[in-house]
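Below is one structure, written out as structure tokens, with a few remarks after it.
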Amino acid sequence: MSLKVSQPYLLLAMLLVCAASALRAQTTPDCTAPPYNVPAGLPTAAITAAQDQAQMMCQQHLQFPTAASNPPLTALRETDPNKPVNAWPGTPASPETANWTDALGHTIVRWGWGAWTTYDDSQSGGVANVLCNGATPCVVANEKGSSTGGSMSGFGDYGPVGPRPYPAGDAPLGIGGTVPCTSPGCLAAGHYTRINLLEMTPEAARANGTAMGYAPNDLFTVKATGEKVKTPEDWWLKRRPEIFDLVQKEVYGYTWPAAEWPAITWSISGATTGTEMGVVSCQTSSTCPNGTMSNGVTYTYREKIYTGTISTASYPAVRNAPLITITCRLPANTPGKVPVFISIGETDTNFQYTAPLGFGACGYPQTMLQPDGGGGVTSSYLIGLINKGNWRKPTDPGALVAWAWGISRMIDEFTQDTDPMGPDPDKVAVEGHSRDGKATLVTAAYDDRVVASLPSCGGEGGTSFMRRAFGESVESIAGSGEYYWMAGNLMNYAGPKCQKNPDVGPAGCTPAFFPRKVEDLDVDAHAVMALIAPRAVMTNGGTDTPYPGYGDAWQDPRGMYLSGKLASPVWELLGWKGQVIPKGTVFTSNPTPYGSGESIGGTPPFDTAFIDGTVGYRRHVQGHTDQPDWPVFVTFASKYLNDVRPVITPGQKFILPLFWEDHVGTVRGTAGGGGGLRDWQIKGGSGATFFTVDRQTGAITIPDRGKLKPFVDSYSLTLMVSDGILPSHDETVTIKVPFGLGFLSTQR
């Protein structure tokens with residue numbers, strides 16, 4: 001049958017198509033014109049980071065604010081009305097080129113979207129004399145004025161709700177100038193969306209949130225439907241896939257499908273041997289300044305170097321061929337496969353930390369796969385090879401996903417290695433520090449084969465909340481110095497939430513410097529961390545202020561603590577302990593023995609390992625380093641790496657029972673090292689929404705036979721079970737529908 005279209009309607013349709021094409025042509029910016037000024041054509045090796053960032057912004061119709069914007073971006077930092085209180089140029093003679101600072105010696109930067117680094121703490125107060133208010137000579141001592149504590153945003157905490165000593169949103173003056181938190185829920189003017197895991201559905205949240213002055217962002221509410229997450233099955237089948245999609249779309253980029261992976265040819269060096277002295281934890285003292293010390297024991301290792309040569313056949317014109325290399329040291333006296341710790345960004349293996357507990361260690365210098373830089377390299381190496389030399393698109397992965405991809409391919413190779421002595425592919429832990437801590441978090445979130453992880457001092461874009469205005473901000477990691485780590489789409493969440501010229505926000509909104517667009521981000525650090533559940537993860541941090549040496553305030557220690565705390569309900573939903581901080585624990589506050597500048601709300605105390613739960617936490621006094629936490633992480637992970645994983649008997653099949661029976665059968669398995677089988681859960685399969693499994697016994701039942709589909713021959717269920725320590729690997733069981741019951745199975 002053909003459909004006859006009259007000429008007037010056909011003409012109208014053609015005009016509409018032409019109009020749409022013309023509109024697209026008008027709205028597609030010319031990236032070679034101002035303000036982007038990007039060279040035409042495919043990117044070359046000469047493309048700078050600023051040009052590559054501009055091209056990504058051009059694709060998304062994004063622009064930086066200017067002096068003509070509302071709110072404006074002033075030409076001079078010293079006259080910026082939004083500069084943080086208590087901050088001044090670190091070099092008074094160069095206020096526009098040198099970094100600024102405050103009374104605690106923090107680094108303070110203004111980014112392209114106008115946001116400043118702030119360190120809003122309970123000790124802040126006084127007034128800074130920017131450029132000495134005309135006094136000469138203008139020296140740093142005069143610049144400080146009467147300032148105390150860290151620089152303040154002047155707009156409140158802008159972070160997850162917690163104890164707040166200034167409920168009106170105004171910082172107190174000096175130490176001891178705090179007032180009790182008296183506002184509802186300790187909320188102050190200047191709070192972003194509350195990170196609320198369990199309390200209410202969106203409808204109730206809107207009603208209650210209006211009265212409370214905030215709108216909860218609930219990890220346990222399915223965003224697409226508003227449905228409440230109540231069971232592990234709700235998490236596995238509905239909420240987790242939604243969060244993972246948003247994490248990829250908005251923050252890090254979608255990982256490449258396997259069909260786009262280049263071929264890898266692996267070679268393994270002949271094993272060599274050597275010795276290394278073991279290193280363990282110690283209480284910080286004059287004889288133990290770094291929190292670690294030798295245990296006086298020498299360990300013999302067997303070293304192997306794995307090299308993955310990546311084929312460029314899919315795009316021979318790639319300027320630089322990517323390469324994966326990893327060096328592993330395994331205890332020489334341990335036969336068979338050995339659990340290993342992979343250190344991202346290290347040429348050293350860190351075997352000195354793992355040897356005392358009998359584990360192997362591998363160093364992974366990831367920049368041979370994808371450099372730690374922007375500009376021309378983003379169209380070369382692994383990313384350029386897969387993109388065939390083109391510009392990245394807004395949801396394409398950045399360097400963090402590329403580095404994580406390399407570890408996943410290593411685990412593949414460990415599985416294929418025929419040497420009876422080698423890394424155990426089923427017992428891999430991952431660690432990385434700072435930017436490599438971000439990559440560690442991404443690795444564990446994207447690959448569920450990682451058993452334990454320490455994303456050390458991961459900071460903004462890693463383990464610290466992007467909503468919090470303490471230390472580095474989202475404007476930094478979307479800026480020209482770090483944008484290449486992330487998906488380009490993250491740039492949409494930098495800058496003011498309401499702005500004119502360029503226009504941002506809904507029509508009629510009031511332009512303002514705060515709140516920022518990060519308010520609209522659908523996920524945050526705790527959501528990324530929740531993707532790791534129920535596997536083991538540990539967060540950490542250093543001192544807020546530079547004592548002794550370089551401090552960790554830039555990474556926001558409280559923000560990194562909060563990510564574990566606020567993700568923990570997901571572990572608890574699935575049957576594992578989350579972060580365990582004993583009741584009565586005294587949190588840090590100002591002043592501390594290690595300087596001052598503690599974030600409002602503080603953290604659990606320094607140099608104390610909180611590793612009783614599956615989400616560990618430790619904060620050290622040394623500053624921005626991972627060294628003092630390495631032995632603690634090895635101890636924390638050993639519980640999981642030494643466990644014998646429970647196993648669901650493969651190939652199990654059940655027969656759909658007759659109409660009057662609801663019990664399908666009981667799944668069989670082998671207990672793990674932690675004890676009997678428990679916490680049976682359905683993670684997927686065609687029958688996931690029709691059948692249930694008893695969490696304690698593994699018995700499969702049919703809650704409502706009327707919901708079964710007619711004319712279906714069989715259903716599958718993907719199951720997981722725990723021994724109280726490790727989850728089993730996923731296993732699929734089949735439920736066969738007897739011949740002749742394909743239709744009748746739905747009848748009672």
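Keep in mind it's a predicted model, so treat the numbers as computed, not measured.
Side-chain N/O atoms of Thr284 and Gln622 include a donor and acceptor closer than 3.5 Å. Side-chain N/O atoms of Tyr484 and Asp372 include a donor and acceptor closer than 3.5 Å. Residues Asp626 and Ser456 have side chains that never bring a donor and an acceptor to within less than 3.5 angstrom of each other. Judged by distance alone, the side chains of Asn320 and Ser380 do bring a donor and an acceptor atom under 3.5 Å apart. A donor and an acceptor atom, one from each side chain of Asn489 and Thr395, are nowhere located under 3.5 Å apart. When only modelled atom types and interatomic distance are considered, Thr625 and His620 share no side-chain donor-acceptor pair under 3.5 Å. Side-chain contact, Gln370 with Gln366: no donor N or O sits under 3.5 Å from an acceptor N or O.
Between Phe587 and Tyr561, the distance separating the two ring centers is shorter than 6.0 angstrom.
Looking at Lys517 and Asp520, no side-chain N of the basic residue comes within less than 4.0 Å of a carboxylate O on the acidic one, giving no salt bridge.
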For this session: Any chance you could lay out the salt bridge (Lys or Arg N to Asp or Glu O under 4.0 Å) test for Asp607 and Arg619, step after step, and finish with the verdict?
Result: CA-CA 6 Å; Asp607 291 342; Arg619 189 174 175 196; over 6 Å; no
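Between the Thr608 side chain and the Phe606 main chain, a donor and an acceptor come within less than 3.5 Å of each other.
Considering Met57, Met56, Gln63 in turn, Met56 is the only one that fulfils the side chain to side chain contact (heavy atoms under 4.5 Å, CB included) rule with Gln60. For the ring-ring contact (aromatic ring centres under 6.0 Å, His included) test with Trp116, the passing option among Trp111, Phe470, Phe514, Trp100 is Trp100; the others fail.
In this structure, the separation between CD1 on Ile344 and CH2 on Trp403 is 8.5 Å, given to the nearest 0.5 Å.
Side-chain contact between Trp485 and Tyr252: absent, with no pair of heavy atoms (C-beta onward) separated by less than 4.5 Å.
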